[in-house]
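Report on one structure; see the data block that follows.
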Amino acid sequence: MSTHTYAFRDSVTMLRRNLKRMVRYPSASLMVVGLPVILLLLFVYVFGGTMGAGLGVASGGRAAYVNYVTPGIILIVVASVAQGTAIAISMDMADGIIARFRTMGIARGAVLTGHVLSSTIQTLIGLAAVIGVAIAIGFRPNAGPAEWVATIGLLAMLTLAITWLSVALGLQAKSVETASNIAMPLFLLVLIGSGFVPTDSMPTALRGFAEYQPFTSVIETLRGFLMGAAIGHQAVLAVVWCAVIGSIGYLWAMRLYDRDPTRQVRLLSSSHA
């Protein structure tokens with residue numbers, strides 16, 4: 001059996017392990033769907049009338065705002081799963097499971113790949129649920145088959161990139177409590193961008209950051225695919241950001257996974273102290 005076959009087999013085994021844990025603890029999956037749905041309903045029904053009127057479109061109101069805000073809510077799903085991934089990795093570290101796996105004949109990185117694949121599946125479930133709720137309350141994308149394929153492809157790229165970064169953050173965290181907060185900046189990036197309000201409504205200094213941070217490019221590209229808005233150079237920036245974040249996350253995670261096992265023992269001891 002080839003090295004690649006062993007790696008694939010071990011990754012599938014680790015994926016099965018994480019999927020079983022997902023089924024055993026459904027509250028985590030419900031949180032992934034619940035938080036974005038609550039935010040969607042809150043922004044559309046509480047703030048949508050006022051914020052929709054400020055978009056400068058003919059229809060205005062909630063009908064216009066639900067179309068505007070849905071791409072931002074979609075990225076909240078990705079950020080929610082990222083936080084759960086960091087927590088799951090940190091729990092494996094604290095319980096010593098990763099240390100045990102590293103002493104077994106398991107392909108290098110298969111443990112991490114299992115987490116990434118299960119998180120990707122969880123993200124797809126969350127995205128389907130959130131888009132379904134958005135359509136039920138008035139979201140009306142005019143995307144054709146090609147645009148939907150492009151949307152799915154971009155979301156897959158972003159999910160893999162953010163998930164690998166979350167794996168690295170979970171490995172770096174010194175405790176599960178730290179891991180639960182370490183991914184919080186991802187939520188802030190979605191909020192401080194074009195997901196909920198146009199960036200030109202922000203103060204000058206904040207607008208400069210909001211326009212060039214990673215999530216804004218992704219949001220504007222999704223908005224272009226789904227709603228027919230102008231995309232310009234945003235699609236290229238979105239792909240570049242995904243590639244950069246994914247590469248950094250993967251290399252960082254693999255380096256942390258291969259670090260000195262004695263450090264794992266110290267972390268484990270401190271977490272139970």
Side-chain angles (χ1 to χ4, degrees), residues 11 14-15 17-18 21-22 25 27-29 31-32 35-36 74-99 101-102 108-124 126-127 155-193 195 209 213-216 218 240-261 263-272:
S11 296
M14 293 298 112
L15 170 62
R17 167 184 176 263
N18 286 290
R21 183 162 64 177
M22 189 189 307
Y25 302 104
S27 58
S29 298
M31 195 62 188
V32 168
L35 177 61
I74 286 174
L75 263 66
I76 291 288
V77 177
V78 178
S80 298
V81 177
Q83 185 178 32
T85 302
I87 294 172
I89 287 285
S90 184
M91 289 176 62
D92 281 354
M93 288 282 288
D95 293 339
I97 295 175
I98 287 182
F101 282 149
R102 282 191 292 201
R108 177 178 177 268
V111 177
L112 305 185
T113 302
H115 275 287
V116 170
L117 293 176
S118 64
S119 295
T120 300
I121 293 173
Q122 193 176 34
T123 302
L124 293 176
L127 290 174
L155 288 173
M157 289 183 61
L158 179 68
T159 299
L160 288 173
I162 296 299
T163 303
W164 274 113
L165 180 62
S166 301
V167 168
L169 293 173
L171 290 171
Q172 182 68 42
K174 295 183 178 181
S175 67
V176 177
E177 290 76 13
T178 302
S180 66
N181 297 318
I182 204 169
M184 190 59 66
L186 295 175
F187 286 94
L188 297 178
L189 283 178
V190 179
L191 296 175
I192 308 175
F209 171 79
Q213 57 109 328
F215 281 169
T216 292
V218 176
V240 170
W241 273 119
C242 289
V244 170
I245 294 171
S247 298
I248 292 174
Y250 174 79
L251 295 173
W252 187 16
M254 297 306 294
R255 180 181 178 185
L256 291 173
Y257 184 78
D258 291 336
R259 64 188 167 184
D260 184 0
R263 186 175 186 276
Q264 165 66 25
V265 176
R266 292 196 298 271
L267 287 174
L268 180 60
S269 299
S270 64
S271 66
H272 290 292

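Heavy atoms only: backbone and side chains are in, while hydrogens, waters and symmetry mates are out.
Under the side-chain hydrogen bond (donor to acceptor under 3.5 Å, both in side chains) criterion, Ser118 pairs with no residue at all, not counting sequence neighbours. Applying the side-chain hydrogen bond (donor to acceptor under 3.5 Å, both in side chains) criterion to Thr178, with sequence neighbours excluded, gives Ser175. Looking at residues two or more places apart in sequence or on another chain, you find a side-chain contact (heavy atoms from CB on, under 4.5 Å) between Leu155 and Ile74, Leu127, Thr151, Leu222. Looking at residues two or more places apart in sequence or on another chain, you find a side-chain contact (heavy atoms from CB on, under 4.5 Å) between Ile245 and Ala161, Ile162, Leu165, Pro214, Trp241. For Thr159, there are no side-chain hydrogen bond (donor to acceptor under 3.5 Å, both in side chains) partners at least two apart in sequence or on another chain. Residues that satisfy the side-chain contact (heavy atoms from CB on, under 4.5 Å) test with Ser80, not counting sequence neighbours, are Leu35, Pro36, Ile76, Phe187.
Under the 3.5 Å distance criterion, the side-chain polar atoms of Gln122 are left unmatched by any main-chain donor or acceptor of Val81.
Taking each heavy atom of Gly193 and Gln213 in turn, the nearest pair found is CA-NE2, 3.5 Å. A pairwise comparison of heavy atoms in Val111 and Met14 identifies CA-CG, 3.7 Å as the closest pair. Of all heavy-atom pairs spanning Thr123 and Val77, the tightest one is O-CG1, 4.0 Å. Residues Ser119 and Thr163 come closest through the heavy atom pair CB-CG2, 3.7 Å. The minimum heavy-atom distance linking Ala168 with Ala253 is given by the pair CB-N, 3.8 Å.
Paired with Phe215 under the rule side-chain contact (heavy atoms from CB on, under 4.5 Å), one option of Leu191, Leu189, Ile192 passes, and it is Leu189.
Atom CE of Met91 has 12 or fewer heavy atoms from other residues, nucleotides or ligands within 6.0 Å.
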